[in-house]
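A short worksheet on the structure shown next.
We number each residue from 1, following the sequence as shown.
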Amino acid sequence: MASSRSRRVEYDRFIPFRSAMDMDYARFALTMPSRPQRDGSRESPSSVAYQKLLDECILKNRSRILAFKSAPEAPASMLPQFDEPIRPPKKQQRRIPREPERVLDAHGMLDEDGLNLLDWGSNNMLAIGLDDTVCLWDDANKSTKVLLQAVEDSGPITSISWSPDSTVLAVALGNSVLALVDPATGKDVNVTEEDENLTPVLSLAWRSNSILTVGRSDGTVVDYDFRKDDTSICFYNGHRRGVCSLKWSALSGRYLASGGHDKLVHIWDACMPVSQHHPRRHKWLHRISSHTSIVKALDWCPTRSNLLASGGGRNDHCIKFWNTVNGACLNSIDAGSEVCALLWDKNKSELLTSHGSPKNQLTLWNYPSMTRAAELSGHSSRVHFLAGSPLGGVVASAAADETLRFWNIFETPKTTKPELPFAQFSVIR
């Protein structure tokens with residue numbers, strides 16, 4: 001009587017199932033030279049464990065070359081899990097030292113609004129004005145020297161600025177005289193004559209190696225070209241009181257920003273057409289009047305040509321960001337105290353500000369979120385000036401407490417080796 005169970009089908013031959021075979025393993029097994037049988041008792045435990053792990057991971061404990069049926073599906077526990085999100089590795093946060101790496105005495109530092117007495121040149125020389133003296137700090141060999149001492153009754157130093165190539169240092173004196181000094185010899189390359197009709201210079205900004213923009217205490221802004229007989233080549237009329245900050249856009253070289261004691265910020269376009277009746281007079285492109293105190297802190301973003309940051313003084317406390325194309329305010333942040341100076345990092349979207357009472361601190365901001373990345377304390381009085389090293393990383397700050405401090409606050413740019421010719425080719429045919 002036939003059984004109710006299904007009978008097993010018997011075949012007279014075995015035909016391998018090619019799609020279930022590992023052809024690479026089959027070739028390896030057929031061509032591998034035979035190895036003598038090892039005595040497990042003589043092998044070290046680590047060697048036995050290594051061989052077992054090798055068989056599991058590489059050979060997967062296979063002993064047959066031919067396969068006569070499909071391999072069973074892998075259990076669910078061995079399948080890759082895709083429900084958990086793939087998280088990128090956390091980027092190591094940069095450590096910012098809270099203490100200055102160097103502190104120098106700066107006796108004679110004036111505690112006055114509107115002066116500009118600190119500048120770091122491309123030659124890695126830091127210039128500082130102390131009363132009637134200009135001193136240089138050579139950051140390469142960590143040495144100082146006196147570059148210039150004003151003659152009697154010429155007044156204190158009011159502003160200094162390196163030319164872009166650092167071949168000359170512009171020095172303004174309290175008696176309205178402007179001198180271009182050779183840093184190697186300390187001698188005047190060019191000097192303007194004292195004029196009773198001219199007011200003292202408060203701010204300086206180089207448009208190029210030959211054209212210097214000057215802001216005076218009566219609100220006048222003038223371009224000087226010392227190669228010409230008539231050195232005054234262009235006038236910018238707009239401020240009603242002293243111009244204490246001037247900055248040319250480094251990316252375009254076309255736009256000039258000015259801030260003054262009249263609480264105004266002006267943006268000028270050097271390429272804007274001028275009037276035929278006054279061919280040497282420029283009219284402002286945008287006039288910004290939203291600050292409620294003196295505007296001395298100005299700086300252009302080094303990566304965006306149309307972004308300007310400004311900071312207000314004692315009764316303002318605000319940091320504002322401007323689109324210089326249309327003059328719109330992009331953001332405004334209350335910093336909590338007067339903003340004395342602004343400095344963008346050239347290699348990263350970070351902004352450094354210096355402040356006055358009550359903390360007299362330096363604050364590092366992430367842009368555009370404007371979250372505080374660090375706050376550095378050490379000065380005991382208003383931090384009037386900031387200057388960044390041309391090599392990156394280090395920033396110098398000078399305050400009314402007559403100290404000059406060096407902070408390793410910005411991220412140092414990574415130096416990349418120049419690529420050799422044909423480095424991407426392994427063989428030249």
Open item on the list: For a 4.5 angstrom cut-off between non-hydrogen side-chain atoms, does Trp407 reach Leu364?
Closed with: no

- [ ] Verify whether one side chain among Ser122 and Trp162 offers a donor that lies under 3.5 Å from an acceptor in the other.
- [x] no

Task: Enclosure of Lys228 NZ (heavy-atom neighbours >12, cutoff 6.0 Å) - done: no

Open item on the list: For the CG atom of Leu264 and the NE2 atom of His239, what is their distance to the nearest 0.5 Å?
Closed with: 6.5 Å

TODO: Could you please spell out the steps behind the side chain to side chain contact (heavy atoms under 4.5 Å, CB included) verdict for Leu148 and Leu169?
DONE: CA-CA 10 Å; Leu148 171 71; Leu169 177 69; over 6 Å; no

Open item on the list: Check whether Ser389 reaches the backbone of Val394 with its side chain - one donor and one acceptor, N or O, closer than 3.5 Å.
Closed with: no

- [ ] Say whether, by atom type as modelled, one donor and one acceptor occur between the side chain of Trp300 and the main chain of Ala250 under 3.5 angstrom.
- [x] no

Open item on the list: I'd like to know if the side chain of Asp334 reaches the main chain of Gly336, judged simply by a donor and an acceptor atom lying under 3.5 Å from each other, with no hydrogens or angles considered.
Closed with: yes

Open item on the list: If you compare all heavy atoms of Leu342 against all heavy atoms of Leu298, which two are closest, and at what distance to 0.1 Å?
Closed with: CD1-N, 4.1 Å

- [ ] If the plane angle is over 60° it's perpendicular, under 30° parallel, otherwise tilted; pick one for His266 and Trp284.
- [x] tilted

- [ ] Kindly compute the distance separating CG (Asn175) from CD (Glu193), expressed to the nearest 0.5 Å.
- [x] 12.0 Å

Task: Separation of Leu246 CG from Ser203 OG (nearest 0.5 Å) - done: 3.5 Å

TODO: Please confirm whether the backbone N or O of Ser232 pairs with a side-chain atom of Arg280, one donor and one acceptor, at under 3.5 Å?
DONE: yes

Open item on the list: If I compare all heavy atoms of His355 with all of Val339, which pair ends up nearest, and what's the gap?
Closed with: CE1-CG2, 4.0 Å

Task: More than 12 heavy atoms from other groups under 6.0 Å of CG on Asp229 - done: no

Open item on the list: Can you see whether Asp111 engages His384 through a side-chain donor-acceptor pair at a distance of less than 3.5 angstrom?
Closed with: yes

Task: Parallel, tilted or perpendicular: rings of Tyr367 and Phe321 (30°, 60°) - done: tilted

Task: Nearest heavy-atom neighbours spanning Leu351 and Ala309 - done: CD2-CB, 4.5 Å

Task: Residue pair Lys359 / Glu375, side-chain heavy-atom distance below 4.5 Å - done: yes

- [ ] Taking the side chain as every heavy atom from C-beta outward, state whether Asn209 and Thr167 have any atom pair closer than 4.5 Å.
- [x] no

- [ ] Scan side-chain atoms only and decide if Thr324 and His286 contain a donor-acceptor pair under the 3.5 Å cut-off.
- [x] no

Task: Spacing of Arg382 atom CZ and Cys340 atom SG [to the nearest 0.5 Å] - done: 6.0 Å

- [ ] Please confirm whether the backbone N or O of Val383 pairs with a side-chain atom of Ser354, one donor and one acceptor, at under 3.5 Å?
- [x] yes

Open item on the list: To check you understand the geometry: which heavy-atom pair defines the closest contact between Asp262 and Arg240, and what is its length?
Closed with: OD2-N, 2.9 Å

Task: For the student: nearest non-hydrogen atoms of Ala172 and Val201, plus distance - done: CB-CB, 3.6 Å

TODO: Specify whether Trp137 and Phe406 have parallel, tilted or perpendicular ring planes, treating 30° as the upper limit for parallel and 60° as the lower limit for perpendicular.
DONE: tilted

Open item on the list: Tell me which one of Val243, Leu256, Thr220 satisfies side-chain contact (heavy atoms from CB on, under 4.5 Å) with Tyr236.
Closed with: Leu256

- [ ] Kindly indicate whether the side chain of Leu130, heavy atoms from C-beta on, has any atom under 4.5 Å from the side chain of Cys135.
- [x] yes

TODO: Please answer whether the main-chain N or O of Gly378 pairs with a side-chain N or O of Asn360 as donor and acceptor at a distance below 3.5 Å.
DONE: no

Open item on the list: Return the OH to SG distance between Tyr255 and Cys271, rounded to the nearest 0.5 Å.
Closed with: 7.5 Å

Task: Ser310 and His291, any side-chain heavy atoms less than 4.5 Å apart - done: yes

Open item on the list: Show, in sequence, the C-alpha distance, side-chain angles and deciding distance for Leu204 and Asp119, and conclude whether the side chain to side chain contact (heavy atoms under 4.5 Å, CB included) test is met.
Closed with: CA-CA 11 Å; Leu204 299 167; Asp119 196 25; over 6 Å; no

Task: Least distance between heavy atoms, Ile409 atom then Arg94 atom - done: O-NH2, 3.0 Å

TODO: Report yes if the side chains of Asn347 and Glu411 come closer than 4.5 Å at any heavy-atom pair, otherwise no.
DONE: no

Task: Donor-acceptor contact below 3.5 Å, side chain Asn116 vs main chain Leu202 - done: yes

Open item on the list: For the NZ atom on Lys320, are there more than 12 heavy atoms of other groups (residues, nucleotides or ligands in this structure) within a distance under 6.0 Å?
Closed with: yes

- [ ] Give, for atom OG of Ser249 and atom CZ of Arg254, the distance between the pair rounded to the nearest 0.5 Å.
- [x] 10.5 Å

- [ ] Please examine the side chains of Val168 and Asn190, heavy atoms only from C-beta on, and report whether any two atoms are closer than 4.5 Å.
- [x] no

Open item on the list: Whether the side chain of Thr292 engages the backbone of Asn315 through a donor-acceptor N/O pair (distance < 3.5 Å, no angle test) should be reported.
Closed with: yes

Task: Residue pair Trp365, Glu350: steps toward the side chain to side chain contact (heavy atoms under 4.5 Å, CB included) verdict - done: CA-CA 6 Å; Trp365 307 82; Glu350 292 179 339; over 6 Å; no

Open item on the list: Could you check whether any side-chain N or O of Asp345 sits under 3.5 Å from a backbone N or O of Phe410, counting only pairs where one atom can act as donor and the other as acceptor?
Closed with: no

Open item on the list: Less than 4.0 angstrom from a charged side-chain N to a carboxylate O is my criterion; do Asp113 and Lys296 meet it?
Closed with: no

Open item on the list: Quiz question: by atom type and distance under 3.5 Å, do the side chains of Thr371 and Asn366 form a donor-acceptor pair?
Closed with: yes

- [ ] Kindly determine whether Gln361 and Ser337 satisfy side chain to side chain contact (heavy atoms under 4.5 Å, CB included), including the steps that lead there.
- [x] CA-CA 10 Å; Gln361 83 281 11; Ser337 60; 4.2 Å; yes

Open item on the list: Please check: side-chain N/O of Asn306 versus main-chain N/O of Val325, any donor-acceptor pairing under 3.5 Å?
Closed with: no

Open item on the list: Quick test of your reading of the model: are Arg207 and Asp225 salt-bridged, counting only N-O distances below 4.0 Å?
Closed with: no

- [ ] Would you mind reporting whether Leu173 and Ile157 have side-chain heavy atoms less than 4.5 Å apart?
- [x] yes

